[in-house]
Structures are given as C-alpha cells and as structure tokens.
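First the structure, in the form of structure tokens, and then the observations on it.
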Amino acid sequence: MAPKGDNVVVSSMKLEKLLCMKGGKGEASYANNSQAQALHARSMLHLLEETLDRVHLNSPEFPFQVADLGCSSGNNTIHIIDVIIKHMIKRFESSGLEPPEFSAFFADLPSNDFNTLFQLLPPPANYGGSMEECLAASGHRNYFAAGVPGSFHRRLFPARSIDVFHSAFSLHWLSQVPECVLDKRSAAYNKGRVFIHNASESTTNAYKKQFQTDLAGFLSARSQEMKSGGSMFLVCLGRTSADPTDQGGAGLLFGTHFQDAWDDLVQEGLITSEKRDNFNIPVYAPSLQDFKEVVEANGSFTIDKLEVFKGGSPLVVNHPDNEAEVSRAMANSCRSVAGVLVDAHIGDGLSEELFLRVEHRAKSHAKELLEKLQFFHIVASLSFA
C-alpha cells in the first residue's frame with residue numbers, strides 16, 4: 001500500500017482557505033505549467049486592447065489603477081499588467097495628456113503563492129526621477145505593485161478606485177462545491193464521479209446555480225469598486241454545447257483519465273469509494289447564455305463583447321509524437337491546477353500515486369488527447385457607466 005505522506009488530510013477546511021494553483025517553481029508548479037494559458041492570452045490581446053480603448057481617461061493628477069483578479073503565481077499576470085499599462089500610456093500620450101502614475105494590484109486567494117509571484121516581478125523604475133525617466137526605464141516596471149489576498153466574489157478594493165479589472169482563467173472556479181452534490185440523500189449527489197462531466201442533470205444544475213451565484217457576487221463587488229468610465233476584461237473556461245453535462249475541454253481534463261485514476265485507487269483498495277465521492281472539482285464551464293443571464297440581471301455593466309473563443313490545447317509539448325512527454329504534460333496540467341486540493345483530500349503520498357496513474361493512463365491516448373483536448377473560453381468585455 002502506498003504511503004499516505006506526512007500531511008494531515010484536510011476534510012472540512014473552507015475552499016477559500018485552501019484553493020490555489022500549485023506554487024513554487026517545480027515541475028508540476030503552475031508557473032511551469034501555464035504556457036498554454038500564456039498562448040491563449042496572447043491570442044486574445046486584440047480583444048483586451050479593444051476593451052482598453054473604451055476606458056475613460058481621467059485627469060493625470062489621479063493614479064490609474066489596474067487589478068488582475070485570480071492572478072496566480074506565474075509570469076502570465078505580470079505580462080498582462082505590462083500590456084495594459086503600456087497600452088494606456090500610449091492612449092494618454094496620443095490624446096496629448098501626460099501619463100499619470102500607475103498602480104497594479106495582484107489579487108488572489110490567501111493561499112496563493114504570492115512569494116513566487118513577487119520574486120518574478122521586475123524591479124521598479126526610479127520613482128525619484130521624472131515620469132519620463134520612469135516610463136523609459138528598460139527592464140523595469142513603470143507601476144507601483146501590491147498583492148491583495150481575498151476572494152474576488154466579495155469586495156477587495158475601496159469604492160470607485162479601479163479603472164481596469166482583468167481576470168483570466170479564474171471565474172470558472174467555484175467558491176465551493178455545492179453542498180447537495182456531496183449529500184447522499186440528495187438527487188444531486190455525484191456518486192462515483194469527481195467532476196460533473198456526464199453527471200446527472202440535478203448535479204450539473206447545482207453547479208450552474210453555484211456558478212451564477214458566484215458570478216453575481218463578483219459583478220456586484222466590481223460595480224462598487226470600479227470608477228465611472230472603467231472597463232473589465234474577463235476570460236473563463238466556457239463550452240459550446242447547450243448541455244451543461246458536456247463540459248468540453250474541462251470534461252476531458254477532469255472527467256476521463258483523472259476520473260479513471262481515482263477509480264484505480266478505489267479498486268486497488270488505497271481509498272474507499274466514499275473518499276472518492278467526497279472529492280469534486282469545483283469548476284463549471286458556462287455557456288454564453290449562462291454568463292449573459294447574470295450580467296444582465298446585475299444591470300451595472302454594458303456588454304461590449306461576449307463571445308466564445310477557441311483557446312486551444314492546455315498541453316504544450318516539444319515533441320507531439322512522444323507519448324511519454326504528452327502523458328507527463330497531461331498529468332502535470334491536472335496537478336498544477338488541482339494538486340493542492342488532491343493533496344489536502346488524500347495526503348501527499350496517495351496524491352503522488354493518483355497523478356502517476358493519470359500519466360500512465362494518458363500515455364496510451366496521447367494522440368487523441370492532443371487532438372481532442374481543446375479549451376474554449378468565454379470572453380467578456382464590460383463597461384461601467
């Protein structure tokens with residue numbers, strides 16, 4: 001029997017205190033397994049810039065403030081903040097205005113690895129010099145930076161303080177697994193599964209309701225924090241099917257080999273079926289309609305753009321014909337985003353066993369994974385009057 005590791009298995013800790021992408025800079029860390037997100041984000045930069053072009057330019061005597069919500073711990077958030085601020089500097093200059101000072105807030109749950117993120121930040125420009133010197137400083141950041149720990153489903157900032165909100169690849173994470181999904185007495189009990197892909201209608205409806213409740217809380221908080229004339233650019237996993245039991249790329253990531261690996265642990269007697277059934281990935285890939293309903297019900301934001309965007313595969317490999325490399329990428333991709341939750345549920349030792357089985361199972365399906373494991377994203381550009 002595999003060792004259970006030294007961790008105390010967490011069963012009742014609130015998700016908010018626990019959820020984070022895999023920290024550090026190791027092989028399975030988010031920092032080293034977010035290349036796909038970087039590629040997908042770069043393919044959507046033109047949509048981000050369209051959003052930024054709608055932001056009202058306030059007097060340069062006031063700082064221009066940007067927040068990235070769900071920043072995680074890799075280079076992606078730093079790159080996006082850099083893109084946003086450089087674009088806004090050009091807008092100020094082309095309008096004949098002196099660029100203001102800029103502040104960037106990196107926000108995520110308290111469990112996020114902010115230490116790794118801050119180590120990746122470029123050094124600040126010499127703010128003792130002129131603004132022109134700050135903006136021209138090569139290899140330096142031309143903004144003040146701060147970390148903000150907390151859930152983006154609630155208020156994080158003072159009223160009317162933020163010009164631009166950005167959030168990418170985060171809003172599909174739920175604030176909690178719906179209680180009824182873990183209740184044996186409920187019709188929504190997700191017996192035998194660790195994700196909602198191909199689950200019952202009752203289960204998926206519970207996830208949909210939780211997603212829409214969470215998104216409503218997110219929008220309500222932002223409507224109080226955003227300055228008049230501000231804009232928000234949001235990207236989350238989405239689906240093209242009207243059927244919520246078909247979770248698209250997320251379903252293939254968490255509903256196939258990952259699911260089978262949990263079943264392996266049960267069949268080998270390493271965990272009980274009840275232990276498996278008490279674990280559910282708190283992710284919901286909405287449809288455009290799911291998303292639109294909440295924005296319209298909130299009523300605070302104008303929808304400038306709302307579309308499904310094909311992002312591509314989460315698996316970035318150098319040798320697509322190498323089954324071992326593809327299967328390792330699959331296991332690392334799962335582990336970088338869900339590993340912390342798995343560790344907490346079954347301990348480090350069994351978590352290691354689980355992801356070894358994910359890798360083993362994926363190896364014989366490498367070609368299929370590269371072809372079919374494709375992510376679609378909901379892209380929303382919203383303006384605040």
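Residue numbers count from 1 along this sequence.
- Taking both residues in full, the closest heavy atoms of Ser287 and Ser241 are given as CB-O, 4.3 Å, listed atom of the first, atom of the second, then distance.
- No continuous path of ILVMFWY side-chain contacts below 4.5 Å connects Tyr189 to Val194, so the two sit in separate hydrophobic clusters.
- In this structure, a donor-acceptor pair under 3.5 Å is absent between the side chains of Asn278 and His345.
- Counting only N and O atoms by type, the side chains of Ser220 and Ser223 include no donor and acceptor under 3.5 Å apart.
- Ser327 places no side-chain N or O within 3.5 Å of a backbone atom of Ala362 that could act as its donor or acceptor partner.
- Ring planes of Tyr143 and Phe106: tilted class, angle from 30 to 60°.
- Within the 3.5 Å criterion, the main-chain N or O of Ser72 finds a donor-acceptor partner in the side chain of Asp108.
- A salt bridge between Glu225 and Arg160 is absent, with no side-chain N of the basic residue lying under 4.0 Å from a carboxylate O of the acidic one.
- For Thr245 (side chain) and Ala199 (main-chain N/O), no donor-acceptor pair under 3.5 Å exists by modelled atom type.
- The existence of a salt bridge linking Arg54 and Asp304 is confirmed by a sub-4.0 Å separation between a basic side-chain nitrogen and an acidic carboxylate oxygen.
- One N or O on the side chain of Thr204 and one on the backbone of Ser200 form a donor-acceptor pair closer than 3.5 Å.
- Leu69 places none of its side-chain heavy atoms less than 4.5 Å from the side chain of His166.
- Taking the six-membered ring for Trp and thresholds of 30 and 60 degrees, Phe64 and Phe102 have ring planes inclined between 30 and 60 degrees apart.
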Determine, step by step, whether Phe375 and Leu253 satisfy the side-chain contact (heavy atoms from CB on, under 4.5 Å) criterion, reporting the C-alpha distance in whole Å, the side-chain angles of both residues, the deciding distance to 0.1 Å, and the verdict. CA-CA 10 Å; Phe375 279 168; Leu253 187 66; 4.0 Å; yes

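- Aromatic ring centres of Phe169 and His377: separated by under 6.0 Å.
- Look at Arg357 and Asp264 and you find no salt bridge, because none of the NZ, NE, NH1 or NH2 atoms lies under 4.0 Å from a carboxylate O.
- For the pair Asp163/Val66, no side-chain contact is recorded, criterion being any heavy-atom separation below 4.5 Å from C-beta on.
- Checking Asp214, Asp243, Asp290 one by one against Lys208, the salt bridge (charged side-chain N to carboxylate O under 4.0 Å, His left out) holds for a single residue, Asp290.
- We find the CD1-CE distance between Ile162 and Met226 to be 8.5 Å, quoted to the nearest 0.5 Å.
- Counting only N and O atoms by type, the side chains of Gln65 and Ser161 include no donor and acceptor under 3.5 Å apart.
- Within 6.0 Å of CD in Glu201 there are 12 or fewer heavy atoms belonging to other residues, nucleotides or ligands.
- Contact check for Arg239 versus Pro244: side-chain heavy atoms found under the 4.5 Å cut-off.
- Under the side-chain hydrogen bond (donor to acceptor under 3.5 Å, both in side chains) rule, Asn190 has a single partner from Asp183, Asp277, Asn280, which is Asn280.
- In this structure, the side chains of Leu382 and Thr302 stay at 4.5 Å or more apart for every pair of heavy atoms.
- A donor and an acceptor atom, one from each side chain of Asp263 and Gln259, are located under 3.5 Å apart.
- Here the side chains of Tyr207 and Gln247 are not in contact, with every heavy-atom distance at 4.5 Å or above.
- When the shell of 6.0 Å around NE2 of His46 is examined, it contains more than 12 heavy atoms from other residues, nucleotides or ligands.
- Remark: the backbone N or O of Leu182 is not paired with any side-chain donor or acceptor of Ser186 at under 3.5 angstrom.
- Ion pairing of Lys363 with Glu323 is absent here, as no side-chain N (NZ or NE/NH1/NH2) approaches a carboxylate O to less than 4.0 Å.
- Atom NE2 of His360 has 12 or fewer heavy atoms from other residues, nucleotides or ligands within 6.0 Å.
- The closest donor-acceptor contact from the side chain of Glu325 to the backbone of His319 lies under 3.5 Å.
- A salt bridge is defined here as a Lys NZ or Arg NE, NH1 or NH2 lying under 4.0 Å from an Asp or Glu carboxylate O, and Lys367 with Asp321 fails to meet this definition.
- Other residues, nucleotides and ligands contribute only 12 or fewer heavy atoms inside 6.0 Å of the CD atom of Glu179.
- A distance of 4.5 Å separates CG of Leu219 from CG of Leu215, quoted to the nearest 0.5 Å.
- Both tests pass for Arg222 against the ring of Phe218: distance under 6.0 Å to the centre and angle within 45° of the axis.
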Test side-chain hydrogen bond (donor to acceptor under 3.5 Å, both in side chains) applied to Glu61 and Ser59, step by step: CA-CA 5 Å; Glu61 66 182 290; Ser59 170; 3.2 Å; yes

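- In this structure the side chain of Phe105 reaches within 4.5 angstrom of the side chain of Phe157, judged on heavy atoms.
- In summary, Glu274 and Lys191 do not engage in a salt bridge, as defined by a charged side-chain N under 4.0 Å from a carboxylate O.
- At least one donor-acceptor pair under 3.5 Å links the side chain of Thr213 to the backbone N or O of Lys209.
- Taking the six-membered ring for Trp, Tyr284 and His172 have ring centres at least 6.0 Å apart.
- Side chain of Asp113 to main chain of Thr116: a donor-acceptor pair is present (N/O by atom type, distance under 3.5 Å, no hydrogens or angles).
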